[in-house]
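Worksheet: one structure, shown below.
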Amino acid sequence: MNNDNKKDNYEHNKPAGLFADKAYEATPNNANSTLKSAVTESVETQDNQSLSTTTSMTRKTIASGEPLKLAVVGHTNTGKTSILRTLLRDVYFGEVKNEAATTRHVEQAKLTDNQTGEVLVVLYDTPGLEDASGLMDWLEDNTASRRDGIERLQQFLAADIAQGGDALNINSNEDYSQEAKVIRQLLASDMAIYVVDAREPVLGKYKDELAILSWAAIPVMPVFNFTDAQDANIDEWQTMLARRNLHISTRFDSVAFEFNDEMRLWQNLATMLTHSEMLEQLMARRTEDWAQLNDEANIIIADFLINVAAFVREISEDDDPMPVLQQMQEAVRQSERAMQNNLLNLYKFYDNDVAATPLELKAYQQDPFDPELLKSYGIRTTSGAAAGALLGLGIDAAALGTTLGLGAAIGGIAGGLLSNTSSIADRITGVKRLYIDPATLTLLATRAIDLLTALRHRGHAATDATQLLYKGEKSSIEQSLDDESATVTPWPTHKLPSELKKARGKPQWSSLSSGKSEQAQLLRADMAWSLASKLSSYQGQP
């Protein structure tokens, strides 16, 4: 697809946010609602639900054309809510803490087709199973083994120990009201995913959980969370699961996100259904939206780079350049921060109080005009104080004609700015023009692409910066430092893309030069689309 067609297609089919998936808590019954289902009501009334109501709401299989009712279950603190946050791209869904039993009630969210508004999947976040072994003992002592699993679970739900609160005998230490909430939701769902913390050893309590879940007579698929951790025990888990006839599992790390892992999750669930049309539609829409989101992110980066490349300030021959250089540097810093925030908002990382973002890592906090930052990104210049400025002279000469620098002193002091006159006439009239030099443009591009890559591989679950990388792992920047021959820049410093070269001669394209933001953005729009296409080719996909 050429750039013009891609641009037209994007403008006419731009999604409302990321997949338009919004999590919400269950609301009271509304007589005018046409979308409310019996399963939705099970979330709202689960604490007082009678046995007969539970029986009538039990679902055997999903019908063609119906949304999939998917329960998310597992032991406490395995990351159930974290996985849902990442699937929903919603840092506000539920509550995530590094402590057990954070989720105390069933919460629901819907995944919709953002073009048709059709509900495709209803997700249910359930409380953690706190004492499955104790519940299993009770079931074996108080229910007949000749009955099927659903009957035994229904008998449990009718017992006082499933009600909690005042229903319990004053001398009873058994309170399985949290487990009861999980089981009620299981009986009202089409399928369940069983979230496993891959770092945990295989213990007896997990085997009891799976035994109880199997009695609900719905497909259950284990999902391994925290799979990128070095101490993951996936092989041991898979051996245990196979012994319980659970041969289909998948990996979905809520911290180290991979889009392909999400697609595998939906594909594996689809293989377990008689009617999988809704999941197939969901996969197609989310794949399309994921690609479109990447296109929009690259446009944001390209627009920023062209805006900076076209940035120019004029001074007279005798003016002290340093005040102007400092003003330009600050303008670029602010522009980069605005670009970074736009990327964060695009991928719904808009509140660091809820979930940490890659911007909290040191590499993104450093001043783009710090010479040490050039080294950390593998950007090498020739020797000498004015190396950064001198690298840009040949490029500017090719783009603008005769180029005259302010000399080594300014190049060394300014750090990322170079001065030139665009023509012989400027030299005669004593006018000097200051631009951002190619090394700094390359750095800005590299850092923006690195941030985008981090966001595309970043779950919405971590609540502090230490969770951005697993212990012992290194960022792409750190890895490049270990290998001095590694090249992490999208292009050689002396070979800027043609769009950035052209911007050198178009100061009207830069809002930093003219102060006319909307007008300048319209003028550089076509070049931004062209450069965005090139930026996409520099990134590893998906």
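One-based numbering along the sequence shown.
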Closest non-hydrogen atom pair, [X] against [Y]:
X	Y	value
Ala439	Leu374	O-CD2, 3.8 Å
Pro67	Val119	CG-O, 3.5 Å
Leu70	Leu269	CD2-CD1, 4.0 Å
Pro368	Thr440	O-CG2, 4.5 Å

Less than 4.5 Å apart, any side-chain heavy atom of [X] and any of [Y]?
X	Y	result
Pro490	Thr446	yes
Asn294	Ser536	yes
Arg456	Phe259	no
Leu325	Gln329	no
Gln108	Val106	no
Arg524	Asp303	yes
Glu499	Lys534	yes
Glu314	Lys432	no

Side chain [X], main chain [Y], donor-acceptor under 3.5 Å:
X	Y	result
Thr442	Pro438	yes
Asp197	Gly79	no
Arg313	Leu434	no
Thr86	Ser254	yes
Asp113	Arg285	no
Asp125	Glu107	no

For Glu336, side-chain hydrogen bond (donor to acceptor under 3.5 Å, both in side chains) partners two or more places apart:
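For Glu336, the residues satisfying side-chain hydrogen bond (donor to acceptor under 3.5 Å, both in side chains) (neighbours in sequence not counted) are Arg447.
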Pair Asp261-Thr250, side-chain donor/acceptor within less than 3.5 Å
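Absent: no donor and acceptor within the cut-off.
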Please work out whether the ring planes of His460 and Phe349 are parallel, tilted or perpendicular, with thresholds of 30° and 60°.
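The rings of His460 and Phe349 lie parallel, inter-plane angle below 30°.
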Those residues that, when tested against [X], pass salt bridge (charged side-chain N to carboxylate O under 4.0 Å, His left out) (two or more places apart):
X	answer
Asp319	none
Lys516	none
Glu330	Arg333, Arg337

Using the test ring pair (Phe, Tyr, Trp, His ring centres under 6.0 Å), find all partners of Phe252 that sit at least two apart in sequence or belong to another chain.
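Result, ring pair (Phe, Tyr, Trp, His ring centres under 6.0 Å) vs Phe252: Phe257.
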Ring pair (Phe, Tyr, Trp, His ring centres under 6.0 Å) partners for Trp491, two or more places apart:
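Trp491 satisfies ring pair (Phe, Tyr, Trp, His ring centres under 6.0 Å) with Tyr538 only.
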